[in-house]
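Only one structure is covered here, and it is reproduced in the block below.
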Amino acid sequence: MIPCALLLGLILLPAAAFAQEQGGDGQGGAAGRGELLFNIGGCTSCHTKKGGDPLAGGDPLKTPFGTFYAPNITQDPEHGLGTWSEADFVRAMQEGVSPDGEPYYPAFPYTSYTHMTADDLGALWGYLKTVPASAEPSKPHELGFPFNIRLGLWPWRWVFFAPGRIEPDPAHDAAWNRGQYLVLGPGHCAQCHSPRNFAGAIEEDRLLAGAQKGPDGKPVPNLTQAEKGLKGWTVDDLDTLLSLGMTPDGDFVGGEMAKVVDNSTGKLPDDDRKAIVGYLLSLPPR
Ligand code: HEC
Ligand code: HEC
């Protein structure tokens, strides 16, 4: 009997170690963590065009300020990030500044990614390096005057950009804090689900309170416990929406949110999706 149990243990142990290495639980190892952050970060949604090479540049992103094209972020040395260091990448994501010191347009949601830790960004960088390089040139943005002048972004940033990490809130447990991090940091849910002011900046006091006009011109729902928000939604309702895209009335979300479900929330491990659900359902009405 004893040798038999030992044998079983010998077979099971390496299998468990293997699952860990593969990030089978979603947390194990930097590689698994990098992929998880890549998924919830939704990089594919903007940086890959329909039928194009992965991350070699995106479809047009129409905004009130003009049309943006998310660039090639593969490892191609000429058209992508092939010459970047990890520090260049962390700076771009946390500070919204290129390796040459030029400011990025906030159509690249670094105002959310700034909340990500350097450690997580290192894991994400490691994952990006595994995506095959593509020599597809990035498309220039189509912006009218004065928005085509990059330097004009400096004053905008002084007023509206607060770089920095999110401090865990000791009044809440680890799962809630994980949910807050995923929603406000990599998940950048507030970018679409919040109203914006005249200058296109998120209205911080109405964070996640919905928007009249989202990226595709349609309204984006309120995610707080407001009457028109997620009031009355159960944990299961919200978990089903984020994993399958199905609303409590049996409809399916469309457009921009369908991409979020396909590329991001639908690929999360259960405990991370549950953390997002718990955090959102705790938000006071706004
Ligand atoms: C909502 C659309 C959107 C999403 C989502 C998005 N990006 Fe981007 N990204 C852009 C746009 C637009 C630019 C160009 C900004 C500019 O020209 O100032 C950009 C630029 C960048 C750059 C700078 C590239 C360069 O050549 O200087 C990096 C790096 C980058 N994104 C990485 C990422 C990563 C990693 C993710 C996922 C975690 C991501 N982006 C998600 C829209 C997006
Ligand atoms: C690119 C824009 C965009 C991003 C990013 C985004 N959403 Fe959405 N979301 C939408 C739109 C648009 C809808 C409405 C879809 C519809 O009704 O077909 C929506 C719908 C929803 C709904 C359904 C609410 C209701 O009342 O029906 C939930 C819940 C939701 N999103 C959660 C999230 C979470 C959590 C994140 C971050 C992980 C997120 N969204 C990121 C655009 C976005």
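The first residue in the sequence is number 1, and the count goes up from there.
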Hydrophobic clusters here meaning ILVMFWY residues chained together by side-chain heavy-atom distances under 4.5 Å, can you tell me if [X] and [Y] are in one?
{"X": "V97", "Y": "I149", "answer": "yes"}
{"X": "L244", "Y": "M257", "answer": "no"}
{"X": "L81", "Y": "Y105", "answer": "no"}
{"X": "L143", "Y": "F145", "answer": "no"}
{"X": "L151", "Y": "F160", "answer": "no"}

Can you confirm whether [X] sits close enough to [Y] that some side-chain heavy atom of one is under 4.5 Å from a side-chain heavy atom of the other?
{"X": "P221", "Y": "H193", "value": "yes"}
{"X": "K267", "Y": "F38", "value": "no"}
{"X": "C192", "Y": "P215", "value": "yes"}
{"X": "W233", "Y": "L241", "value": "yes"}
{"X": "Q225", "Y": "L230", "value": "yes"}
{"X": "S282", "Y": "W176", "value": "yes"}

Scan side-chain atoms only and decide if [X] and [Y] contain a donor-acceptor pair under the 3.5 Å cut-off.
{"X": "N72", "Y": "T74", "answer": "yes"}
{"X": "N263", "Y": "T44", "answer": "no"}
{"X": "Y181", "Y": "D120", "answer": "yes"}

For [X], enumerate each residue passing the side chain to side chain contact (heavy atoms under 4.5 Å, CB included) test, keeping only those at least two apart in sequence or located in another chain.
{"X": "R273", "value": "D239, L242, S243, L268, D270"}
{"X": "N222", "value": "A209, T224, A226"}
{"X": "K213", "value": "none"}
{"X": "F65", "value": "T63, F147"}

Going from [atom1] on [X] to [atom2] on [Y], what distance comes out if it is rounded to the nearest 0.5 angstrom?
{"X": "T111", "Y": "Y104", "atom1": "OG1", "atom2": "OH", "value": "14.5 Å"}
{"X": "L281", "Y": "K231", "atom1": "CG", "atom2": "NZ", "value": "13.0 Å"}
{"X": "L184", "Y": "L208", "atom1": "CG", "atom2": "CG", "value": "6.0 Å"}
{"X": "Y279", "Y": "R178", "atom1": "OH", "atom2": "CZ", "value": "14.0 Å"}
{"X": "W125", "Y": "S85", "atom1": "CH2", "atom2": "OG", "value": "7.5 Å"}
{"X": "L124", "Y": "E86", "atom1": "CG", "atom2": "CD", "value": "10.0 Å"}

Inset, instruction - Would you sort out whether S134 and D76 count as a side-chain hydrogen bond (donor to acceptor under 3.5 Å, both in side chains), showing the intermediate values? - result: CA-CA 6 Å; S134 162; D76 187 79; over 6 Å; no
For the side chain of [X] and the backbone of [Y], is there at least one donor-acceptor N/O pair under 3.5 Å apart?
{"X": "D272", "Y": "P269", "answer": "no"}
{"X": "N177", "Y": "A174", "answer": "no"}
{"X": "Y113", "Y": "G96", "answer": "no"}
{"X": "R286", "Y": "L207", "answer": "yes"}
{"X": "H141", "Y": "Y69", "answer": "yes"}
{"X": "Y127", "Y": "L37", "answer": "no"}
{"X": "T114", "Y": "Y110", "answer": "no"}
{"X": "D251", "Y": "T247", "answer": "no"}

Sequence neighbours excluded and cut-off under 3.5 Å, please list the side-chain donor-acceptor pairs for residues 198-206, or say none.
none

Inset, instruction - Before giving the answer on side chain to side chain contact (heavy atoms under 4.5 Å, CB included), spell out for H115 and Q94 the whole-Å C-alpha distance, their side-chain angles and the decisive distance to 0.1 Å. - result: CA-CA 7 Å; H115 299 316; Q94 288 186 337; over 6 Å; no
Legend entry - Residues N39, S264; criterion side chain to side chain contact (heavy atoms under 4.5 Å, CB included); working and verdict: CA-CA 5 Å; N39 289 337; S264 305; 5.5 Å; no
Can you name the salt bridge (charged side-chain N to carboxylate O under 4.0 Å, His left out) partners of [X], sequence neighbours left out?
{"X": "K129", "answer": "none"}
{"X": "D119", "answer": "R33"}
{"X": "E78", "answer": "none"}

If you take all heavy atoms of [X] and [Y], which pair is closest and at what distance?
{"X": "L153", "Y": "P106", "value": "CD2-CD, 3.8 Å"}
{"X": "P186", "Y": "M116", "value": "CD-CG, 3.6 Å"}
{"X": "A92", "Y": "F108", "value": "O-CE2, 3.9 Å"}
{"X": "V261", "Y": "V253", "value": "CG2-CG2, 4.2 Å"}
{"X": "H188", "Y": "P109", "value": "CD2-CG, 4.1 Å"}
{"X": "A70", "Y": "C46", "value": "CB-O, 3.3 Å"}

Legend entry - Sequence neighbours excluded, every pair satisfying salt bridge (Lys or Arg N to Asp or Glu O under 4.0 Å) that has a member inside residues 139-149: none
Legend entry - Of all pairs that satisfy salt bridge (Lys or Arg N to Asp or Glu O under 4.0 Å), the ones with a partner from residues 45-63, not counting sequence neighbours: K49-E136
Inset, instruction - Check which hydrophobic residues are tied to M246 through side-chain heavy-atom contacts below 4.5 Å, counting indirect links as well, and list them. - result: F252
Legend entry - Contacts of type side chain to side chain donor-acceptor pair (under 3.5 Å), residue R196, not counting sequence neighbours: Q191
Legend entry - Stepwise side chain to side chain contact (heavy atoms under 4.5 Å, CB included) check, L121 with F89: CA-CA 8 Å; L121 288 168; F89 176 70; 4.2 Å; yes
Inset, instruction - Take Q75 and V131 through the test side chain to side chain contact (heavy atoms under 4.5 Å, CB included) and record every step on the way to the result. - result: CA-CA 8 Å; Q75 293 293 311; V131 175; over 6 Å; no
